[in-house]
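Notes follow the structure.
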Amino acid sequence: MKKYDHKKIEKKWAKDWEEKGIYKTSEDSDKEKFYILDMFPYPSGAGLHVGHPKGYIATDIFARVKRMKGFNVLHPMGWDAFGLPAENFALKNKEHPRTSTEKNIATFKEQLGKLGFSYDWDREINTTDPKFYKWTQWAFIQMFKKGLAYESYEPINWCPSCKTGLANEDLENGRCERCDSEIEKKPMRQWVLKITDYAERLLQDLDKLPNWDKSIKEMQRNWIGKSEGARIKFQIKDLEKEIEVFTTRPDTLFGATYMVLSPEHKLVEELKDQIKNWEEVEKYQKESQKKSEIDRLDLTKEKTGVQLKGISAINPAVVRSEGFRANNEEIPIFIADYVLSSYGTGAIMAVPAHDERDNEFAIKYNLPITQVISSQTDEENKVYTGDGELVNSAQFDGLSSEEAKQKITEFVGGKLTTNYRLQDWVFSRQRYWGEPIPIIHCEKCGAVPIPEEELPIELPDVKNYEPTGTGESPLAGIDEWVNTACPKCGGEGKRETNTMPQWAGSSWYYLRYIDPKNDKELISKDKDKYWSPVDFYVGGAEHATRHLIYARFWHKFLFDIGVLNYDEPFERLQHVGLILAEDGRKMSKRWGNVINPDEIVEIFGADSMRVYEMFMGPFSQSGSWSTNGLVGARRFLEKIWKISENLTKTSLQSKEVRPNISDRKCFRKEDSKSGEDLIRELHKTIKKVEEDIEEFKLNTAVSSMMKLVNVIEENPKPSVGQKKNISKESFEVFLKILAPFAPHITEEIWNQLGHTNSIHLEEWPKYDAKLAKDDTYMIAIQVNGKIRSEVEIKAGTSEKDLEKVVLADEKIQKWIGENKVKKTIYVENKLFSIVI
RNA sequence: GCCCAGGUGGUGGAAUUGGUAUACACGCACGACUUAAAAUCGUGUCUCUAACGGGAUGCGGGUUCGACUCCCGCCCUGGGCACCA
């Protein structure tokens, strides 16, 4: 018997497929299209580990099935190659990010090449390719022209010792991870995209996406964070200044007993001369800069704040209610870090009777707590955050919260508004390795976009990747590049030296695969019409909010300016769970627990790895790698190899016409004595595998095929001396459903069985619905919810007939005894329950 | 802390979505083959009990003839929290 030599087989067929180009996508628009996409990888220097391909394997299986079902499939791959690691690598090793990136891509591509993926590499894209980022820059210019890109001073984390901006991830307890210096917030001129203009649509259109994971939609809803409320202005006493607050509870306005500004609020600076305890205030502002938003919002941490002494605000509702002027008309103003400048107006009215945080703060600083919504509990100082009937609210007493929200807002000249937690997107980085922002600054004309015909603005080479010390990008040091003419007036201009964030290219890359060579436009109308949207998008759950919201935003924008025909990019979305190392931690160089797929492919073969990764567990769940577990997948393939060996020995003499798989005759009874059972099992398996793949339950698809193989092995041989336990035709049907999972071994066996075409170009087998069902069932019999016996029935037995059999059952009679049967319940073909 | 997932044998997991809990696989034990080992094949493998039976799906309660599944309250683990990719 020949050995299952995976190395030889896998190499042979990988070469063959490439030569024949069997996975090339066509533009044949008569066929129905299917666009299935993986989130493209960042080609890091570390290469692939066994976790990366999990999602790629699953989409590859799906793509292969769709091809077999006759779809024109687009299944491409590319590289998200701008980003910080390449730049840091360049800093250390003085190697241009372009060269290190190219090397990494080559490594990734070689590794992926061993895993049997059916990508159409003619459509490969790379975000760092000027031909690609020309269109990233083009899209930015369109946004600029529509007023969606603007400049603003935004705070960044600044390390005064490294003289560079830092990501939140590079911080450790508010200190620089590298040099341990304390971080400052430094305002930096930034380009910002007005994604908030799209907040409502991004939220509403989630309803158009029934085939997205519910949890991801929920996370996006919360990220967008819509809340209805009002903006209300509070006068500062004796001064010509106002504080505007956003509140979701204007109905509780009479209960506002103090106000809080975020420490960064610009009024604080403006009121410097009136604030008597300025030193204390300034100190608090500095302290709060060090805290992250997460710390500031932590409900378990004790609230802190400082009163702005010397000034106070007037509660507009109280002051306007004649005869109601109590001592709570004038209220103190605080700054406290539990109020964020990025949310609402950066200022709140505090209602300690009806808000948890305000309540905690009020108790700590001994501030009055005025109940204005009646609640069931009469407990003093108890927070009640629900709606209810107004009390202590002058002429509004007795109204419901809902009515009062509108009436009180009106009464004080406020405005009912909607607020979103979503913030505008800071879209510039003071880095080298990113897309140059195509803007020229002119003293006369301001920020001027570069004329479209001059795109792309290529990233120039720099001598030095070191931070400039001013926080500007290394590009700022290249005078001959920076200094240029203003495209509008021809006068002196300076190029924008900020680059785009790594998210830019990934916000629209999926469109480029559709039309990768188009030099005239981002995408041609016809191709967009045929291929869009992406039918199925698979990737990590860590992208649930940012990447997926950014991409939806760009897509909607491109739709609005007429580039695209539909306003949602991804029809179906599925997230992939991580593969952790055997020790349960993330795979990382740092822990020394990385498993390289090259080794696995070498020892066990790509097919075994593919089958194992799908079999590990539910696709979206993370789990630990186990090389032991992989052995099971390998054994499964070896069993199949063995069955095929027996087949080729004994059955090749029977020359068959190509079987018509929908014809039940092709599963011949002569398979064996129990051929009928085997045929049923085969049809059940086709059905199960097909349905499971559609639902992305790839683990149970594999297990059902394993079951079938066990049945084939157990199946008695038809006669002495003959080793065949399944007919060639039936086995070939099985091979076809296995082919998407294990493309190499199935192709090899298919070839050995005498076929000259590729199994991957075969049609997906159709199952016979009648044969995919059992003809007898075991019915469990319960008495008062406990299983007491079981009976076998033929399919189609009526409930009445079954009841007779059940009640005649000795064991059941014993359990019923003298009791009366109150009720019976029949679950078809499963269970019969008796209640006594 | 907030948002989103998840918790089932020694291990990864299955369970037609309220209907026989532990499919499939790994591991382990015993047996067959072998001079021997590996590989392969076969048998067994949640737990208590001599048995009849009983108990188990993170913990505590509830709804139901019936709960891994639904509801309430806890505990633990993972992902995200806006400059990681």
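Computed from a predicted model, the values in this text were never measured in an experiment. Any value given below was found using the heavy atoms of this structure, including those in side chains, with hydrogens, waters and symmetry copies removed. Below, chains carry the letters A, B, ... as their sequence lines are ordered, and counting in each starts from 1.
- Taking the C1' atoms as reference points, B:U77 lies 26 Å from B:A23, given to the whole Å.
- Contact annotation: side chain of A:K642 to base of B:U40, donor-acceptor pair absent below 3.5 Å.
- Here the P atom of nucleotide B:G1 and the CG atom of A:D337 are 18 Å apart, to the nearest Å.
- If you measure from atom CZ of A:F636 to atom C1' of B:G12, you get 17 Å, rounded to the nearest angstrom.
- The nucleotide B:G1 finds its pairing partner in B:C81, both defining distances of the Watson-Crick or G-U wobble pair being shorter than 3.5 Å.
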Can you check each nucleotide of nucleotides 47-55 of chain B against protein heavy atoms at under 4.0 Å and return B for base, S for sugar-phosphate only, - for none, in 5' to 3' order? -------SS
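- Nucleic acid contact class of A:V827 (heavy atoms, under 4.0 Å, all strands): base.
- Contact annotation for A:F615: base contact, defined as any heavy-atom pair under 4.0 Å involving a base atom.
- Pairing for B:C68 is absent, with no Watson-Crick or G-U wobble pair whose two atom distances lie under 3.5 Å.
- The residue A:N699 sits close only to the backbone: its heavy atoms come under 4.0 Å of sugar-phosphate atoms, none of a base.
- Heavy atoms from other residues, nucleotides or ligands lying under 6.0 Å from CZ of A:R357 number 12 at most.
- Contacts of A:W425 with the nucleic acid, taken as non-hydrogen atoms under 4.0 Å apart, are absent.
- Taking the ring centre of A:F619 as origin, the terminal cationic atom of A:K54 falls inside the region bounded by 6.0 Å and 45° from the ring axis.
- Among the protein residues, A:Q190 comes within range of the nucleic acid bases, having at least one heavy atom under 4.0 Å from a base atom.
- Using a 4.5 Å cut-off on side-chain heavy atoms (C-beta onward), A:E713 and A:K639 make contact.
- Toward the 5′ end of RNA chain B lies the nearest nucleotide of A:Q782, the other residue of the pair A:Q782 and A:S833 mapping further downstream.
- Here, B:C75 and B:G27 have their C1' atoms 30 Å apart, quoted to the whole Å.
- Using a 4.5 Å heavy-atom cutoff, the side chains of A:L573 and A:L209 are not in contact.
- Regarding A:N628, its CG atom lies at a distance of 16 Å from the P atom of B:A25, rounded to whole Å.
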Close N or O pairs between protein and nucleotides 68-73 of chain B (under 3.5 Å):
none

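- Using a cut-off of 4.0 Å between Lys/Arg side-chain N and Asp/Glu carboxylate O, A:R585 and A:D583 are scored as salt-bridged.
- Using cut-offs of 30° and 60° on the angle between ring planes, the pair A:W425 and A:F553 is perpendicular.
- Using bins of under 30°, 30° to 60° and over 60° for the plane-to-plane angle, the ring pair A:F40/A:Y509 lands in the parallel bin.
- For B:C52, there is no paired nucleotide, since no Watson-Crick or G-U wobble pair has both relevant distances below 3.5 Å.
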How would nucleotides 2-9 of chain B be written as a contact map, 5' to 3', with B for base contact, S for sugar-phosphate-only contact and - for no contact, using protein heavy atoms under 4.0 Å? SSSS----
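- Side-chain proximity of A:L422 to the nucleotides B:A14, B:A82, B:C83 is greatest for B:A82.
- Glycosidic torsion of B:U35 falls outside 90° of 0, placing the base in anti.
- Distance from the side chain of A:M706 is smallest for B:A25 among the nucleotides B:G19, B:C83, B:A25.
- Using a 4.0 Å cut-off, some side-chain N or O of A:R635 falls inside it from OP1 or OP2 of B:G27.
- Residue A:Q423 is the one, among A:Q502 and A:Q423, whose nearest nucleotide of RNA chain B lies closer to the 5' end (criterion: closest heavy atom).
- Using a 4.0 Å heavy-atom criterion, one finds that A:K707 contacts the sugar-phosphate atoms exclusively.
- Pairing of B:G73, defined by two Watson-Crick or G-U wobble distances under 3.5 Å, is identified with B:C59.
- The CG atom of A:L630 sits 12 Å away from the C1' atom of B:A25 (whole-angstrom rounding).
- Nucleotides B:C68 and B:G9 place their P atoms 14 Å apart, quoted to the nearest Å.
- When both pairing distances are held under 3.5 Å, B:U40 makes a Watson-Crick or G-U pair with B:A32.
- Between A:R221 and A:E218 there is a salt bridge, since a side-chain N of the basic residue sits under 4.0 Å from a carboxylate O of the acidic one.
- Between A:R421 and A:W223 the shortest side-chain heavy-atom distance falls below 4.5 Å.
- Minimum atom distance to the side chain of A:R546 is reached by B:G80, of the listed B:C83, B:G80, B:C24.
- Across B:G80 and B:C28, the matching P atoms stand 36 Å from one another, rounded to whole Å.
- Atoms NZ (A:K773) and P (B:U16) sit 18 Å apart, rounded to a whole Å.
- On the C1' atoms, B:C84 is 40 Å away from B:C71, given to the nearest whole Å.
- Comment: A:E360 does not engage A:K364 in a salt bridge, judged by the lack of any side-chain N to carboxylate O separation of less than 4.0 angstrom.
- Between A:H547 and A:H543, the angle of the ring planes goes over 60°, which puts this pair in the perpendicular group of the 30/60° scheme.
- Nucleotides B:G79 and B:A32 have their P atoms positioned 50 Å apart, rounded to a whole Å.
- Taken from NE2 in A:H575 to CE in A:M39, the straight-line distance is 10.0 Å, to the nearest 0.5 Å.
- Between B:A25 and A:N710, a contact under 4.0 Å exists linking OP1 or OP2 to a side-chain N or O.
- With a cut-off of 3.5 Å on both Watson-Crick or G-U wobble distances, the partner of B:C24 is given as B:G12.
- Taking 4.5 Å as the limit, every side-chain heavy atom of A:K707 sits out of range of all side-chain heavy atoms of A:V711.
- Scanning atom types as modelled, one donor and one acceptor separated by under 3.5 angstrom connect the side chain of A:Q430 and the base of B:C83.
- For B:G79, the glycosidic angle deviates from 0 by more than 90°, giving an anti base.
- If you check B:U17 for Watson-Crick or wobble pairing at under 3.5 angstrom, you find it has no partner at all.
- As a whole-Å value, the separation of A:R634 CZ from B:C24 C1' is 20 Å.
- Residue A:P618 is in sugar-phosphate contact alone, with no base atom involved, counting any heavy-atom pair closer than 4.0 Å across all strands shown.
- The distance from atom NZ of A:K639 to atom P of B:C24 is 10 Å, rounded to the nearest whole Å.
- Across all strands, A:L84 comes closer than 4.0 Å only to sugar-phosphate atoms, never to a base (heavy-atom distances).
- Taking atom C1' on both B:A25 and B:A5, the two are 25 Å apart, rounded to the nearest angstrom.
- Atom CZ of A:F619 and atom P of B:G79 are 17 Å apart (whole Å).
- Residues A:Y42 and A:P85 meet the side-chain proximity criterion, which asks for heavy atoms closer than 4.5 Å.
- Counting heavy atoms from C-beta on, the side chains of A:F82 and A:E435 come closer than 4.5 Å.
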Please step through side-chain hydrogen bond (donor to acceptor under 3.5 Å, both in side chains) for the pair A:S428 and A:Q190, ending with a clear verdict. CA-CA 6 Å; A:S428 51; A:Q190 304 274 24; 2.6 Å; yes
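- In this structure, A:K688 reaches neither bases nor backbone, as no heavy-atom distance under 4.0 Å exists between it and the strands shown.
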